[in-house]
Amino acid sequence: MAVDNAYEALTEDSRDLGDRWAYGTGFQDPLSGVDATLPTGADLPAAARHVLGLGDDALVMAHRLSEWCTHAPELEEEVALANIALDLLGQARLLLARAAQLDPGLRPAGVAGHVPDEDALAFFRSAEEYRNVRLVEVPHGDFGHLVARLLVFSTWRLGVVDRLTGSRDPVVAAVAAKAVPEIAYHRDHAAGWTLRLGDGTDESHRRMARGLAEVWPLVGELFTTADAERPAIADGVGVDPATTRAEFEDVLRRVRGQATLGPPGADLRRDGDAPATAWGRTGRHTAALRDLLAEMQSVARAHPEGRW
Amino acid sequence: MPSAEEVMTVTDRATGHGPGGARRPPEATLADETEAQARFERLIAQDERVEPRDWMPEAYRATLIRQVAQHAHSEIIGMQPEGAWLTRAPSLRRKAILLAKVQDEAGHGLYLYSACETLGADRDDLTEKLVSGRQKYSSIFNYPTLSFADVGVIGWLVDGAAICNQVPLCRSSYGPYARAMIRICKEESFHQRQGYELLMTMMAGTEEQRAQVRDAVDRWWWPSLMMFGPPDAASPNTARSMAWRIKRHTNDELRQRFVDITVPQAEALGVTLPDPDLRWNAERGHYDYGPIDWDELARVIRGDGPCNAERIETRRTALRDGEWVRQAAAAYAAKRAARDAVGTGVAG
């Protein structure tokens, strides 16, 4: 290796710009080779709304995870949380882009033409236009809250996305197939920490239990569907999340049991008794989403004609 | 050659180190030590790698721990100035690139702390030295990031300077450090190009964006030159580190190389580097550059930079807030080990 010149040693793979750079900055299209034709005979606006909700979930969850950067309890956890956030961000980009293909009317009006659909949707919609579940938008608490939210979110999402691999939309099916192993890892990671915290010290047990109790009131909403996306389920493009609930509860029951957090108690029943409402999927959010978006969109909106 | 007394002292101290340290069996004799020293000197002279189990002079070990730990600390503190823009990155592609970069820096910190542990150091102890100010990190990270253009300029100039410093370290005499540096340099090179590509894109954007790029270049240029350390005449450790082949080039040689590489890149980008004395010197075959404000570097190293207190406080808070988590993980591991031991006992 030619290591005496600071660049020569790193430029062996360089093809395009002479010997100044080691690697390109472009990335392979993760969907290259996937049939992108729109599903025939399906209610495309409904399909778009369904896909948009799943994309918004991933985007907002990735944002909350990225807020942990430089604050994690261990360096290994910095790497793991960034990894999970990156996976979700990748899913969000593909899903938002597909939602805009399924229904070009979703793209906010007045956004500069050079802005890609994924960015137009992420940076130029108001909180009321976001379709994520409220679980992902509430502010983060301590590490117990982080683990509880990640456990609940990834257990639920894995069930939904696993079924989406059979979607009639080939792009949605391909995104789901790529996402399943990612989310399975996220769930394992969260379950591992639930065990460590639940069966660790008295303090960690208390904090883990509190984290689960804090997120539990937001669980019922995960299994609801907005009217506007219902035709997508009937068309075989989307998945009814209610069909995944038994599996979700079974996983949560087993993890809680192993973590010495006991069987699901009053918190679960309270949620189960209440008629669930599709809050986020119909654009009704907590105030936290408005604050989150104000920060996330600040630079993009300050330079509406900017190029990044 | 050191005297017998010096060799004995070195040996006594070396055996005090942890699992990766050069522990010698109790029957080791002075003759063994002399032979070990000769072998060490032979490895260095033949430009071969020293490995963790090899005997090494105590001062070589201490110098390496100091240098590698400072490098590890720099990676971890260096996550902060750019990490501050993660939640505001103006496109999802840039958000993904930045998140991957900050994640790489955490990974680099991990490799480097691991390399330090092969020398007998302990990560917790090194971290404590960082937050108590007894060990340093690169002073460049004590400057603030004021706009998203700073993300690009850090990639281009700060990572560019780091690459100039670090590529020769891929041939450092200490094996674990050299191997860590190969992987780190490849990733740093990727970061540098991404930074430059962001700046190219911004320069093709609005006038406001171009102004942000110029402002960021003006603020980061001189601190980037300071990253190579004091001038050779004022760098007391350089000669010995070069003799041991821990370092391969002097600070001024590396700084000159960085300037020579960067000036054409600045021209291609369409920005002016903030140095009226910067010009090609055909006689030397290098760019001349103006005097560096070494007082500023001394001030920032001393702790009077714009963000010193904030950087350390963020790191300290993360450690304090995470303590109960680390305790829980340790308690859980101990419980499991105890259960496994009981299980084995019953089965046996």
Side-chain angles (χ1 to χ4, degrees), chain A residues 1 3-7 9-11 20-25 59 62-63 66-67 69-79 82-83 85-86 89-90 92-93 96 115-116 118-119 122-123 142-143 193 195-197 199-201 203-205 207 292 295-296 298-300 303 305-308, chain B residues 76 79-80 83 86-97 99-100 102-103 106-107 109-110 113 148 163-164 167-168 170-171 185-186 189-190 192-194 197-198 201-202 204-206 208-209 248 254 257-258 261 265 314-315 317-318 321-329 331-332 335:
Chain A
M1 203 162 69
V3 283
D4 275 338
N5 180 295
Y7 284 87
L10 295 168
T11 54
R20 277 193 293 146
W21 306 107
Y23 302 97
T25 51
L59 176 60
H63 184 98
S66 73
E67 290 176 334
C69 184
T70 74
H71 303 293
E74 297 184 325
L75 295 181
E76 286 82 353
E77 199 56 21
E78 291 284 358
V79 176
N83 204 47
L86 272 169
L89 188 53
R93 295 178 63 190
L96 293 187
V115 175
E118 62 180 47
D119 291 333
F123 295 100
D142 66 4
F143 191 72
W193 272 114
L195 299 194
R196 271 175 233 125
L197 299 183
D199 194 15
T201 63
E203 182 183 11
S204 69
H205 181 91
R207 288 187 188 239
L292 181 153
E295 181 177 356
M296 186 176 103
S298 57
V299 179
H303 304 274
E305 298 295 324
R307 289 178 188 268
W308 310 102
Chain B
I76 299 306
M79 295 167 68
Q80 292 182 32
L86 275 174
T87 55
R88 293 172 288 172
S91 79
L92 298 185
R93 175 171 172 267
R94 290 293 170 199
K95 203 191 219 11
I97 288 172
L99 188 51
V102 176
Q103 182 192 34
L110 275 174
Y113 283 125
F148 198 73
I163 292 168
C164 283
V167 165
C170 297
R171 284 202 308 163
C185 283
K186 287 187 173 182
S189 181
F190 196 61
Q192 193 204 12
R193 180 157 178 186
Q194 285 166 337
E197 192 247 357
L198 167 61
T201 307
M202 288 183 74
T206 63
E208 219 177 347
Q209 286 185 294
R248 317 285 312 202
L254 292 167
R257 183 171 293 168
F258 173 69
I261 290 168
Q265 292 173 347
T314 298
R315 187 77 193 100
T317 303
D321 291 351
E323 190 167 5
W324 69 272
V325 177
R326 295 189 298 276
Q327 283 171 353
Y332 177 76
K335 282 184 196 178

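A quick note: this is a predicted structure, and the numbers were derived from the prediction, not measured. Chain letters run A, B, ... following the sequence lines, proteins first and then strands; every chain starts at 1.
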S.K.: Might you point out which heavy atoms bring A:V79 and B:A106 nearest each other, and give the distance in Å?
M.R.: CG2-CB, 3.8 Å
S.K.: Counting heavy-atom pairs under 4.5 Å to chain A, which of B:A100, B:G322, B:A328 comes out on top?
M.R.: B:A328
S.K.: Tell me whether B:R171 contacts the main-chain N or O of B:R248 through its side chain, where contact means a donor paired with an acceptor under 3.5 Å.
M.R.: no
S.K.: Answer with side chain, backbone, both or neither: which region of B:T317 has an atom nearer than 4.5 Å to a non-hydrogen atom of chain A?
M.R.: neither
S.K.: Non-hydrogen atoms of chain B under 4.5 Å away: do they reach the side chain of A:T70, the backbone, both or neither?
M.R.: both
S.K.: Considering only heavy atoms, which portion of B:A96 lies under 4.5 Å from any heavy atom of chain A: side chain, backbone, both, or neither?
M.R.: both
S.K.: Counting heavy-atom pairs closer than 4.5 Å to chain A, which one of B:E208, B:K335, B:M202, B:M79 comes out on top?
M.R.: B:K335
S.K.: As an exercise: rank A:V115, A:L195, A:L292 by heavy-atom pairs under 4.5 Å with chain B and give me the winner.
M.R.: A:L195
S.K.: Let me know if B:R88 has heavy atoms under 4.5 Å from chain A in its side chain, its backbone, both or neither.
M.R.: both
S.K.: Select, from A:E67, A:E305, A:H63, A:E78, the one with the greatest count of heavy-atom pairs under 4.5 Å involving chain B.
M.R.: A:H63
S.K.: Compare every heavy atom of A:A300 with every heavy atom of B:P90, then report the nearest pair and how far apart it is.
M.R.: O-CB, 3.7 Å
S.K.: Looking at chain A, which one of B:T314, B:L198, B:L110, B:L254 has the largest number of heavy-atom pairs inside 4.5 Å, strictly under?
M.R.: B:L110
S.K.: Tell me, please, which residues at least two apart from B:A318 pass side chain to side chain contact (heavy atoms under 4.5 Å, CB included).
M.R.: B:R315
S.K.: Is A:H71 close to chain B through its backbone or its side chain, or both, or neither, when contacts mean heavy atoms under 4.5 Å?
M.R.: both
S.K.: Is the side chain of B:S189 donor-acceptor paired with the backbone N or O of B:K186 at a distance under 3.5 Å, no angle test?
M.R.: no
S.K.: If you measure from CG on B:L92 to CD1 on B:I97, what distance do you get to the nearest 0.5 Å?
M.R.: 11.5 Å
S.K.: Out of A:L197, A:L59, A:L96, return the one with the most heavy atom pairs under 4.5 angstrom to chain B.
M.R.: A:L197
S.K.: Can you name the nearest heavy-atom pair linking A:F123 to B:S91, along with the distance?
M.R.: CE1-CA, 3.5 Å
S.K.: Could you work out, with side chain to side chain contact (heavy atoms under 4.5 Å, CB included) as the rule, every residue matching A:E203, not counting sequence neighbours?
M.R.: A:T201, A:R206, A:R207, B:W324
S.K.: Can you tell me how far CD1 of B:I261 sits from CD of B:Q192, rounded to the nearest 0.5 angstrom?
M.R.: 8.0 Å
S.K.: Can you find a pair of side-chain heavy atoms, one from A:D119 and one from A:W308, that are under 4.5 Å apart?
M.R.: no
S.K.: Would you call B:R257 and B:V167 a side-chain contact if the rule is heavy atoms closer than 4.5 Å?
M.R.: no
S.K.: For the interface with chain A, which of B:T87, B:D321, B:L86 has the highest count of heavy-atom pairs at distances below 4.5 Å?
M.R.: B:T87
S.K.: Checking A:L75 against chain B: side chain, backbone, both or neither under 4.5 Å from a heavy atom?
M.R.: both
S.K.: Write down the atom of B:F148, the atom of B:A89, and the distance for their closest heavy-atom approach.
M.R.: CE1-CA, 3.7 Å
S.K.: Is it the side chain or the backbone of B:I76 that comes within 4.5 Å of chain A heavy atoms, both, or neither?
M.R.: side chain
S.K.: Against chain A, work out which of B:Q327, B:E323, B:K95 has the most heavy-atom pairs shorter than 4.5 Å and name it.
M.R.: B:K95
S.K.: Need one label for B:V325: side chain, backbone, both or neither, based on atoms under 4.5 Å from any heavy atom in chain A.
M.R.: both
S.K.: A:A122 versus chain B, heavy atoms under 4.5 Å apart: side chain, backbone, both or neither?
M.R.: side chain
S.K.: Relative to chain B, which of A:E76, A:E74, A:H205, A:E77 shows the most heavy atom pairs under 4.5 Å?
M.R.: A:E76
S.K.: At a 4.5 Å cut-off on heavy atoms, which part of A:A72 comes close to chain B: side chain, backbone, both, or neither?
M.R.: backbone
